[in-house]
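The structure under discussion appears below in the form of structure tokens.
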Amino acid sequence: MSVEVTYPPLDTLKPAAEDIWIVDSGPLRVAGLIPLPVRMTVIRLAGGSLLLHSPTRFEAALKRQMDEIGPITHIVAPNSAHWSFVKEWQHQVPDAITWAAPGLRERRQVQKSGVRLDHDLRHTNADRWPTGLEQIHVPGIGGFCEVCLFHRRSSTLILTDLVQNFEPAKLPLTLRPIAALAGITAPDGRAPVYLRAIVRAKGEAAKAAARHMLALKPDRVIFTHGRWFESDAAARLERSLRWLTQ
């Protein structure tokens with residue numbers, strides 16, 4: 001019997017909070033073998049337009065759903081791993097502004113792809129950055145940086161890879177012990193081992209970013225891989241970030 005690692009229905013808008021939707025997609029295959037569920041977050045901004053955080057694959061039906069709730073004006077590639085589908089969406093909404101995690105544009109693979117990156121995300125951005133969305137930058141060595149977003153109106157924290165929370169029952173049997181050893185299984189998944197090492201190496205700057213996120217006490221925490229924190233989010237986030245805060 002096959003195991004479905006994703007969260008159907010796929011490639012469709014699913015309400016998560018006021019002016020927040022998620023889009024579950026995938027699976028992507030890591031190294032051509034490991035199935036990985038992925039998730040995009042869609043935010044309706046104060047002016048009624050939409051921001052796409054960590055875009056998943058483009059689907060025409062999904063775009064039509066989005067058009068019904070607002071025009072897409074911003075696309076965010078929040079870290080070095082989550083930019084692959086940006087170009088697909090840019091072809092469909094060429095006037096949307098694309099924001100990239102610091103250092104992303106320097107990566108050779110990104111440069112070869114021809115994807116357009118309009119602005120780097122910064123703690124204090126240009127006037128074109130949407131109001132009501134706070135950026136939290138979590139640095140790592142080797143040029144890594146994940147930019148997390150906090151949507152103040154809905155008290156929603158949006159991460160990418162800093163928390164991965166795979167449900168063992170949805171994973172193939174052979175992957176379950178590996179995921180458990182990596183510390184990325186529900187109910188209190190963390191970042192994978194390699195990423196914890198990369199971020200911890202930045203010391204106090206990374207710890208300060210984690211403490212900042214905890215101080216926000218979000219009502220929910222959305223991330224890209226696995227079961228997101230729909231309830232008891234502040235306490236669950238505290239457990240998932242202990243590797244960085246202690």
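Note that the numbering runs from 1 along the sequence shown for the chain. Please read all numbers here as calculations on a predicted model, not as lab measurements.
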Please check this pair: side chain of E167 against backbone of A169, looking for a donor-acceptor N/O pair closer than 3.5 Å. no

In a check of side chain to side chain contact (heavy atoms under 4.5 Å, CB included) between L241 and each of V138, L159, L214, which one passes? L214

Main chain of G189, side chain of N165: is a donor-acceptor contact present, judged purely on distance under 3.5 Å? yes

R190/D188 salt bridge by N-O under 4.0 Å criterion: no

Answer yes or no: is there a donor N or O on one side and an acceptor on the other, between the side chain of T41 and the main chain of I22, under 3.5 Å? no

Q109 atom CD, neighbour heavy-atom count above 12 within 6.0 Å: no

Residues S54 and H82: side-chain donor-acceptor under 3.5 angstrom: yes

Given 3.5 Å as the limit, does a donor-acceptor pair link the side chain of R220 with the main chain of D232, or not? no

So, the side chain of R29 versus the backbone of L36: is there a donor-acceptor pair under 3.5 Å, distance only? no

Could you tell me whether the side chain of R196 and the main chain of A191 form a donor-acceptor pair under 3.5 Å? yes

Within a strict 4.5 Å, meaning less than it, do heavy atoms of the F166 and V5 side chains meet? no

Is the shortest heavy-atom distance from the side chain of V23 to the side chain of L13 under 4.5 Å? yes

Distance col, row L175:CG vs I184:CD1, nearest 0.5 angstrom, shows 9.0 Å

Hey, which of L149, V147, L216 is the one that makes side chain to side chain contact (heavy atoms under 4.5 Å, CB included) with I136? L216

So, R242 and E238, do they make that salt bridge, N to O below 4.0 Å? yes

Judged by atom type as modelled, is there a donor-acceptor pair below 3.5 Å linking the side chain of D118 to the main-chain atoms of T98? yes

Hey, does the side chain of R176 reach the backbone of P168 with a donor-acceptor pair shorter than 3.5 angstrom? yes

Cluster check I69, I72: I/L/V/M/F/W/Y, side chain < 4.5 angstrom: yes

Is there a side-chain contact between R39 and I222, using heavy atoms and a 4.5 Å cut-off? yes

Between R116 and A96, which heavy-atom pair has the shortest distance, and what is it? NH2-O, 2.8 Å

Checking the side chain of S240 only, and the main-chain atoms of L237 only, is there a donor and an acceptor separated by less than 3.5 Å? no

List for me each residue that meets side-chain hydrogen bond (donor to acceptor under 3.5 Å, both in side chains) alongside D219, sequence neighbours excluded, and say none if there are none. none

Under a plain distance cut-off of 3.5 Å, with no hydrogens placed, do T56 and S25 share a side-chain donor-acceptor pair? no

Just jot down the side-chain contact (heavy atoms from CB on, under 4.5 Å) partners of E59, sequence neighbours excluded, or say none. D11, R57, L62

Would W129 end up clustered with L45 when hydrophobic side chains under 4.5 Å apart are linked, directly or stepwise? yes

Identify the two heavy atoms, one from T185 and one from A180, that lie closest to each other, and give their separation to 0.1 Å. CG2-N, 3.7 Å

Centroid separation under 6.0 Å, is that true for the rings of F223 and W228? no

Would you please indicate if the ring centroids of H74 and H119 are separated by under 6.0 Å? no

When you measure from the centre of the six-membered ring of Y7, is the NZ or CZ of K14 under 6.0 Å away and within 45° of the axis? no

Would a 4.5 Å heavy-atom cut-off, applied to side chains only, mark W21 and I43 as touching? no

Between D161 and H225, is any side-chain donor less than 3.5 angstrom from a side-chain acceptor? yes

Report whether V163 and Y194 are members of the same hydrophobic cluster (ILVMFWY, side-chain heavy atoms less than 4.5 Å apart, transitive linking). yes

Quiz question: by atom type and distance under 3.5 Å, do the side chains of H151 and E18 form a donor-acceptor pair? no

Between Q135 and C148 (side chain of the first, backbone of the second, donor and acceptor by atom type, cut-off under 3.5 Å), is there such a pair? no

Within-4.5 Å side-chain heavy-atom neighbours: L104 and L117: yes

With the 4.5 Å side-chain cut-off for hydrophobic clustering, are V199 and I141 part of the same group? yes

I need the full list of salt bridge (charged side-chain N to carboxylate O under 4.0 Å, His left out) pairs touching residues 80-109, with sequence neighbours left out, sorted by first then second residue. R105-D120

